[in-house]
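Residue numbers start from 1 in every chain, and the chains themselves are labelled A, B, ... in the order their sequence lines are given, proteins ahead of strands. Heavy atoms only: backbone and side chains are in, while hydrogens, waters and symmetry mates are out.
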2 protein chains.
Amino acid sequence: MKTTRSTTAKTAIYELIMNSDVALSHSEIQKLAGDLCDRVTIYRILDRLVIEDVIHKIATPDGLLKYAVCQKTEKHSHNHIHFSCENCLSVTCLDAVEPIFEVPENYSIKGVNFTVSGFCPNCS
Amino acid sequence: MKTTRSTTAKTAIYELIMNSDVALSHSEIQKLAGDLCDRVTIYRILDRLVIEDVIHKIATPDGLLKYAVCQKTEKHSHNHIHFSCENCLSVTCLDAVEPIFEVPENYSIKGVNFTVSGFCPNCS
DNA sequence: AATAATAACGCAACACTGTTGCAATAAATT
DNA sequence: AATTTATTGCAACAGTGTTGCGTTATTATT
Ligand SMILES: [Mn+2]
Ligand SMILES: [Mn+2]
Ligand SMILES: [Zn+2]
Ligand SMILES: [Zn+2]
C-alpha cells in the first residue's frame, strides 16, 4: 500500500492555501512559494492534497483551476457554493451556502462544482 | 458600432453544437469540423456565439471548457445544472433543473455555473 | 451592379497550463 | 545506520488559448 509522506514543500503549500482567504491557482501558489520547489512539484502536491481531501479543487467559469482548504467545521458543506468575482477574479468559498436541487433518477451523483459569478463585496 | 456578420464557418459550427446532444469542447468541434476553418477561427466564433448569447460556455470540474446551445424554450432556465460524467466525460444540460440557493447580500450575481459530476445514465 | 467599409479570416508565432520519464533525493521504517 | 520507496528536480513534451497582421469576404452604400 502506497503511504503518504509529509514533506517541507507539501506542508508549506498547504499553509499558503490555508492562510489565504481566497482560493489560489497554481500560478498564484507558485509566486507565493518563490523558489520553494519546482512548479511540477506544486502540481503533484496539489493532486495529493486533493486526493487526501484536505483541499478542494474548484473550476472557475473560465476553466481556471483554483484550490482552497476544506474547512472541517460544523457549518461547512462539501457541496457549498463558490463565488467568482468578474472584476478582481477572486474565488471565495461560501461554506455555509448549500444549494438545493434535484436531478433525474438515472444520474448518480459523486460530486458538485457550483460557482456563482458577479461582483464580490470589495468590487460592488 | 461593430456589427456581427454571418459566415459559412459560423453557421456550420453553430449547427454542430445545435445537433449535438452533449456539450462540445473546442477540440471536439475541430474534429467534427474537419478543414472547415482554422482552429483560431473556431475560438473566435465560439467567443462571438457566447457574446451573442446563442450558446453557453460551461466549465467542467477539470477546467475543460465545453459549449452547448442555449435552448430558448419555455422550460429552459439560464441557470440550469450541467451533468459531467466521470466515465465518458460527456457534459449534458439538465435544462429543467434550476437549483435554489441564497448568497450573502453583499455579493451581486451576474451568472452561475453549476456542474454535478458522477455517472450518466449510459455509464451507471 | 459596382464600390467602399470593415468584420472575419488564415497563418505564424507566442504564452500558459499541465503531463511524463527518469535519475537523484529524502522521509519513514526496520 | 541501513533499507525502502515516496517525493523531487529537470528536461522535454502536448494541449489550450491568445495576439498581430496581411488578406478575404460580408454587408452596406452608391
Ligand atoms: Mn470540504
Ligand atoms: Mn440559456
Ligand atoms: Zn472582486
Ligand atoms: Zn457517461
Any idea which of D:dT7, D:dT16, C:dC9 is nearest the B:S27 side chain? D:dT16
Kindly point out which of C:dG18, C:dC9, D:dT8 is positioned nearest to the side chain of A:L65?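 It is C:dG18.
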A:L64 near the nucleic acid: base, sugar-phosphate alone, or nothing, with a heavy-atom cut-off under 4.0 Å?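 Nothing, no nucleic acid heavy atom in range.
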For nucleotides 19-30 of chain C, give me one character per nucleotide, 5' to 3': B if any protein heavy atom sits under 4.0 Å from the base, S if the only such contacts are to the sugar-phosphate, - if neither. BBB----BBS--
Between [N] atom [atom2] and [X] atom [atom1], what is the distance in whole Å?
| X | N | atom1 | atom2 | value |
| --- | --- | --- | --- | --- |
| A:D62 | D:dG17 | CG | P | 10 Å |
| B:L46 | C:dC9 | CG | P | 11 Å |
| B:K10 | C:dA7 | NZ | C1' | 10 Å |
| B:D35 | C:dC11 | CG | C1' | 15 Å |
| B:R48 | C:dT6 | CZ | C1' | 13 Å |
| B:I45 | C:dA7 | CD1 | P | 16 Å |
| B:I42 | C:dC9 | CD1 | C1' | 12 Å |
| B:D38 | D:dA25 | CG | P | 15 Å |

Side chains of A:Y14 and A:L16, heavy atoms from C-beta outward: is any pair under 4.5 Å? no
What I'd like to find out is whether the side chain of B:C70 reaches to under 4.5 Å of the side chain of B:V54, using heavy atoms alone. no
List the atom pairs, with distances to 0.1 Å, where a side-chain N or O of residues 96-105 of chain B and a protein N or O form a donor-acceptor pair under 3.5 Å, not counting sequence neighbours.
unit_1	atom_1	unit_2	atom_2	d
B:E98	OE1	B:S77	OG	3.4
B:E98	OE2	B:S77	OG	3.4

Tell me yes or no: between the side chains of A:T4 and A:K10, is some donor less than 3.5 Å from an acceptor? yes
Which pairs pass ring pair (Phe, Tyr, Trp, His ring centres under 6.0 Å) with one or both residues in residues 27-63 of chain A, sequence neighbours excluded?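 Listed once each, the pairs are A:H26-A:Y43, A:H56-A:H76, A:H56-A:H78, A:H56-A:H80.
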Salt bridge (Lys or Arg N to Asp or Glu O under 4.0 Å) partners of residues 109-120 of chain B, not counting sequence neighbours, each pair once: none
Between A:K57 and A:D47, does any NZ, NE, NH1 or NH2 come within less than 4.0 Å of an OD or OE carboxylate oxygen?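 Here A:D47 does not pair with A:K57 in a salt bridge, since their nearest N and O are not under 4.0 Å apart.
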Under the rule for side-chain contact (heavy atoms from CB on, under 4.5 Å), what residues qualify as partners of B:E28, not counting sequence neighbours?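 Result, side-chain contact (heavy atoms from CB on, under 4.5 Å) vs B:E28: B:L24, B:S25, B:K66.
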Return the angle between end axes of the helix from C:dA1-D:dT30 to C:dT30-D:dA1, with five pairs used per end and rounding to 10°. 40°
How close do B:F83 and B:C120 get, heavy atom to heavy atom, and via which atoms?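 It is CE2-N, 3.5 Å.
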